[in-house]
Structure formats: structure tokens, C-alpha cells
Amino acid sequence: MSFSELRGAAAAIGVGLAGFPSGNGRNHLELVAEATAKALADADLTLSDIDGLFTTNLVNFMPVVSVAEYLGIEPRWVEGTTIGGSSFVHYAMSAALALHAGLCDVALIVYGSDAGTLKTPPISRGEPLAYEAEFGAPFPMAGVALAAAAHMHEYGTTRRQLAHVARAAHEWSALNPTNPARPDLSIEEMLEAPFEAYPFTIHDCGQMTDGAAAVIMVSARRARKSRRQPIYFHGGGTAISHRRIAAAKSLTTTAAVASGERAFAMAGMAPDQIDVLQLYDGFTIYPILFLEDLGFCAKGEGGPLVESGAIAPGGRLPVNTNGGSLCSVHPGMYGLFLIAETIRQLRHEAGAAQVTNARFGLCHGNGGHLSTQSTAIWGDAPPKD
Amino acid sequence: MTANKLTVSPELVSRRARAGGQLLLQRCTTCECTVFPPRLLCPNCGTETLSFFEASRLGRILAATRMATSANAGAPPVIALVELAEGVTLMGNMATSEPCDGLIGRAVSVHVSEDTIGVTFEVSP
């Protein structure tokens, strides 16, 4: 057996979204259930069909157990890897593995958060990060700001280029009527805002909302019978870098180099075959870094690439077609929403935000402050062998 | 200091030294890499042959940011990553009003207590 057996081994057949911009007072487990119900309806399955559970969150001691109990399921396979927001992109590969091995037949990947409304305190408050928290460095903002400052120094990336990331997110968001309307700020207006953590202003940072997502995956064989067009998992890769930003091997090159290489190798593909990208954008520097490190441009050229308009509507490299976490939903861990949007695009259901002829989509998730990276590549058909 | 197998907590040894204003780093006597914060196993070669030595406390700023609101009310607002002359990177606070974009590459020295690390500009004699 080799890892390439996972290429096309599984597919997503159901998606559900809930709870954003507001969960209206529902707690995170209620939002988990709401998204799950929608995904089950989409997949034409019932709760009792679920026998694999892939979840984590920021607020439960044992998230898999709390979610299983709340939903009323007793999965025979579980996965609760907690590596930050990238966990959910990792779960796509993990689900493909489990489904391929027959360890489960119906995998539910799910996340829910009430971080915008109820603001349940994150469990991480019980572990102030040693050698970092004592310096008043809020996690993850301080570490990402340091990385952005280093990137600007080394490659000449500018605050204006960071603002272009926010501007592109705004333009995509405007094409998604379910997103709330946002003030139409110019680049100049964004640059005038005060710093939260140099070089970031409020416009460089996603603001917390509620939100929940659920994705149901089955084996490719079972997916052929699904009522919805299956979206096939083609490849994935995960890389772990650091817990403390001081431990990063590089502030300017991320572990996305490794996660991307692994995902493209499994998929047998190259960046120029990707039609639509969902790149974690908790901070504006992230898409710049990931465009470079995933191989969509040369190292250091991410700033000029976004400034060219290539990632905005009408550009040659559409990024974050739902408005990203900068403009749509930012519930603490964004990874599963990258997958949900990829599926929406490859199903050609994105309306005004639809990328023409989108056949292959890449989603890339970050965890912590560049601490972990996970990449997953999807296609609207099984791989051609 | 000798390269004995460590019989106490390297973390405790380091913190006690810091309480006295001393910054200890570890060097692996097997692969010669330098380690901070303190560990039991060398993160490069995995052997238990780390021994402490006193740092020069000199380094250069790799990156700096200034928090509008510090998460730690008493801490100076500039957070810096410093690469020490010995090749390890650590985080500390700087009390400076200089703009952040002029700080990268500046020569600094670090001073420690048990639970803080301060960074100041090193002025050449």
C-alpha cells in the first residue's frame, strides 16, 4: 500500500453551514447539530448512518466525546487531532484514510463555535504559552504580526499589499448575498486605521463570529450512488512547525511548503492545474505566504501578486471566493469552511461568485500562528488513471 | 559544567539561574547544537547530553511588533524576537518608542529575571 491509494479514494457528498454571521444565542453544540442536520439532508442520509466522527474545538476537554454525546452517535472511528484551524483540512485526508480502510463508512467532519455571541472562553486559557504569554503576546496575533514584519523586511512586502488581500476578500464577499454587507473601504482608508499589532490594523485581522460547518464523506465507491455530485478528495498533506513563534525555523517561509508538496504528490498534480483556491486568511499576510509557499508564485512575490488583482473577482487566480474569514465567518477555527467553499465551487453552485469551469480546488489551512499547515486538493471527478 | 546525564529538571535549573539574573543556554556535547528553552533531550540529535552554559546575552532583532493593547498590562508594549549570538531565538519585551520597522537587525542585549526577559539596544563602545 502507498499513500497514493488515497487519491480519489473518498468524496464529499454533503455540506451544511450554520450560525453565521450569528448563531442567535445558540451554543456551539447546538450549532454543530444544526450544521450536521443540513449536511445529512444534503447527503440524503440520517444520523444513524454516521459511523466516523472527525472534530475538535477550542472549548471542550474532549471534543469528539462531547459532540458524539450531543448528537447521539457512537462512532466506530474517531479523529480529534487538534493542531489549530488546519485540523479540519487534515481531517479530509484522515477521513479518506479511514474510509478507504473500511474503518468507517460515513464520515462526519464537523465544527461549531459561539465565539461571536456567547464567547465561551477557549480552553487554551488554562495553558498560558510559556516563553511567550509572559511578554503580553496575544496568541495568535503577536506571532503572526512578527512574521509579517519579517516578511516586509526581507521581501519588501508592503502594508498596501496586505490591504489588497482585505480588499479582494471584500470584493468576493460582495458577490455572496448571505454574507452581511460591509463598509466599502478603499485601500487608503484601510491604511489609515490605527495599528492593533504592527503591521496589522483591524482590517488585517479577521473578527470573531459564530459559525458551524459539517461535511460528510464516503468512499468513492459509495459516492457513485449519491444524489449530489460527489467532490473527490485527490490529495492531502499536513506539516507541523512550532508551538512558539520563537521556535519557527523561519519567520518568512512556512510549513505550507511541506504540506503543499505532500498534497500535490498524493494528487499527482501541480499548482497550475488548480482553478480555485481557499487559503486561510485569519490575517492578511497568510494568503501572501501561502501563495508563495504552495508554489503559485516565487518566494517573496506574494505581495506583488495580490496587488496585481489576480486573486480578486475577474483575476486569473481566484482566492477565497466566499469572502474568506476576513469577510464571511471567523469562528475561531476556519478550516472546515475552506472545504465547504471548495465543494460549493466544484459543484458550480456559487452563483455570482462562481469561478468559470472550476474543476480542481485547493484548500489550505493554517493552525496557530503559522504553527501547522494542512493542504487538501479536490476535483469534481475521480482521478483519471 | 560537565556533560552529566541530567538528574534534575532542566527547566527548574534554568528558572533558578534566571532569578539571579543569569541566562543559561544548553549545548549538546554530542552534536554541538545550542538549545533554548531548556530541554531534557537534544531536539537535534535526541541524546541526553545537554549541558548548561552562560549566554553572552548579545543578539540581533529578527522581528518586532508593538501591541496597541498588551495582553499583559505590566509589560512594555514592544515584543521582539531576538536571535542570540549563540544561534537561538527567544522572545522578550523592549521599552522603546522607536518605530517597529527600524528595529529589525539592531544589536541588542537581553537581561533576565525569573519570569521576564527584557531587551535593550546594545550601544557599541
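Note that this is a predicted model, so its numbers are computed, not measured. Within every chain, numbering begins at 1; the chains are lettered A, B, ... in the order of the sequence lines, protein sequences first and strands thereafter.
- Within the 4.5 angstrom heavy-atom criterion, only side-chain atoms of Leu251(A), from C-beta onward, approach chain B.
- Neither the backbone nor the side chain of Met152(A) comes within less than 4.5 Å of any heavy atom in chain B.
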Could you please show the donor-acceptor pairs under 3.5 angstrom between chain B and chain A, with distances rounded to 0.1 Å?
{"unit_1": "Glu11(B)", "atom_1": "OE1", "unit_2": "Tyr131(A)", "atom_2": "OH", "d": "3.0"}
{"unit_1": "Glu11(B)", "atom_1": "OE2", "unit_2": "Tyr131(A)", "atom_2": "OH", "d": "2.8"}
{"unit_1": "Thr65(B)", "atom_1": "OG1", "unit_2": "Tyr198(A)", "atom_2": "N", "d": "3.1"}
{"unit_1": "Thr65(B)", "atom_1": "OG1", "unit_2": "Tyr198(A)", "atom_2": "O", "d": "2.5"}
{"unit_1": "Arg66(B)", "atom_1": "O", "unit_2": "Tyr198(A)", "atom_2": "N", "d": "3.3"}
{"unit_1": "Ala68(B)", "atom_1": "N", "unit_2": "Glu196(A)", "atom_2": "O", "d": "2.8"}
{"unit_1": "Ala71(B)", "atom_1": "N", "unit_2": "Gly136(A)", "atom_2": "O", "d": "3.4"}
{"unit_1": "Asn72(B)", "atom_1": "ND2", "unit_2": "Glu134(A)", "atom_2": "O", "d": "2.9"}
{"unit_1": "Asn93(B)", "atom_1": "ND2", "unit_2": "Phe135(A)", "atom_2": "O", "d": "3.0"}

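- If you measure heavy-atom distances from Leu90(B) to chain A, the contacts under 4.5 Å come from the backbone alone.
- Heavy-atom minimum distance, Ile104(B) versus Ala149(A): CD1-O, 3.7 Å.
- For the pair Met67(B) and Ala142(A), the tightest heavy-atom approach, listed with the atom from each and the gap, is SD-CB, 4.2 Å.
- If you measure heavy-atom distances from Ile117(B) to chain A, the contacts under 4.5 Å come from both the backbone and the side chain.
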